[in-house]
Each structure stands twice: as C-alpha cells, then as structure tokens.
Amino acid sequence: PSYEVKRLVHAAEHSIENQLPFLQHLHPKCQILPIGVGAVNLEDATQIASNVAKLVMDSGPGTLLLGTTDFSHEGPSYGGPTLPMAE
C-alpha cells in the first residue's frame, strides 16, 4: 500500500522531538521511521494499523514499535478559552 506524504504538514510537526533524544542516547545506532497520521475514519485507521503491524512483524527481531499521541490542543495558544487549573 502507499500513502500520501504531505511534507508541509510534517515540517511543522514536533511530537517526535520529545522521544528522539532519549532513543538516540539509549540506542545510538537505531534506525527510526516516524509515521504521523492525522484525522482518519475507523476503516482507514484499521488499515493503517494492519499495515504498520505487518511492517513490524516482517522486520524481524529487535524491531520496536513505539506509539505516542499528541492528545490535546486546547487553550489560548490554539484559539480556545483559558482553561482552569486543577488544584
């Protein structure tokens, strides 16, 4: 399967920045394939997950799949209201 690459979208993406220094420190020779997925429907999400799982299984021992999410974009920085802080 092939997926559209949108370089402009990836240029502003920053979610890998948190994990990358730790991965490079712990395993300097590791190869990293970042995959970013935007809003997709359930059918597409299921197909993407299946394709990624196959890629990992076909890669053999020593392959690690690390998933993360940028769960929330809320508050004034994103055009929303100020959020109350929990005490």
Side-chain angles (χ1 to χ4, degrees):
S2 63
Y3 295 97
E4 181 180 358
V5 175
K6 296 183 178 181
R7 296 192 187 283
L8 186 60
V9 172
H10 292 287
E13 180 52 51
H14 61 272
S15 60
I16 194 173
E17 292 174 358
N18 293 320
Q19 294 86 8
L20 193 56
F22 297 105
L23 294 170
Q24 290 175 324
H25 175 75
L26 293 172
H27 299 284
K29 295 182 181 181
C30 73
Q31 296 180 359
I32 298 170
L33 173 61
I35 301 172
V37 179
V40 295
N41 61 40
L42 181 58
E43 181 180 348
D44 289 343
T46 301
Q47 184 63 53
I48 292 167
S50 176
N51 293 338
V52 170
K54 183 175 181 346
L55 178 65
V56 171
M57 292 182 341
D58 290 350
S59 296
T63 300
L64 172 69
L65 174 62
L66 172 65
T68 185
T69 180
D70 192 356
F71 186 68
S72 178
H73 285 102
E74 297 184 48
S77 296
Y78 299 98
T82 301
L83 301 173
M85 299 300 291
E87 295 185 27

Under 3.5 Å, sequence neighbours excluded: what are the donor-acceptor pairs made by side chains of residues 20-37?
none

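- Applying the salt bridge (Lys or Arg N to Asp or Glu O under 4.0 Å) definition to pairs two or more places apart or across chains, none involves residues 33-42.
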Derivation and outcome, side-chain contact (heavy atoms from CB on, under 4.5 Å), residues Asn51 and Leu55: CA-CA 6 Å; Asn51 293 338; Leu55 178 65; over 6 Å; no
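- Counting only residues at least two apart or on different chains, the side-chain hydrogen bond (donor to acceptor under 3.5 Å, both in side chains) pairs with a member in residues 55-65 are Lys54-Asp58.
- For residues 32-45, no pair satisfies salt bridge (Lys or Arg N to Asp or Glu O under 4.0 Å), with sequence neighbours left out.
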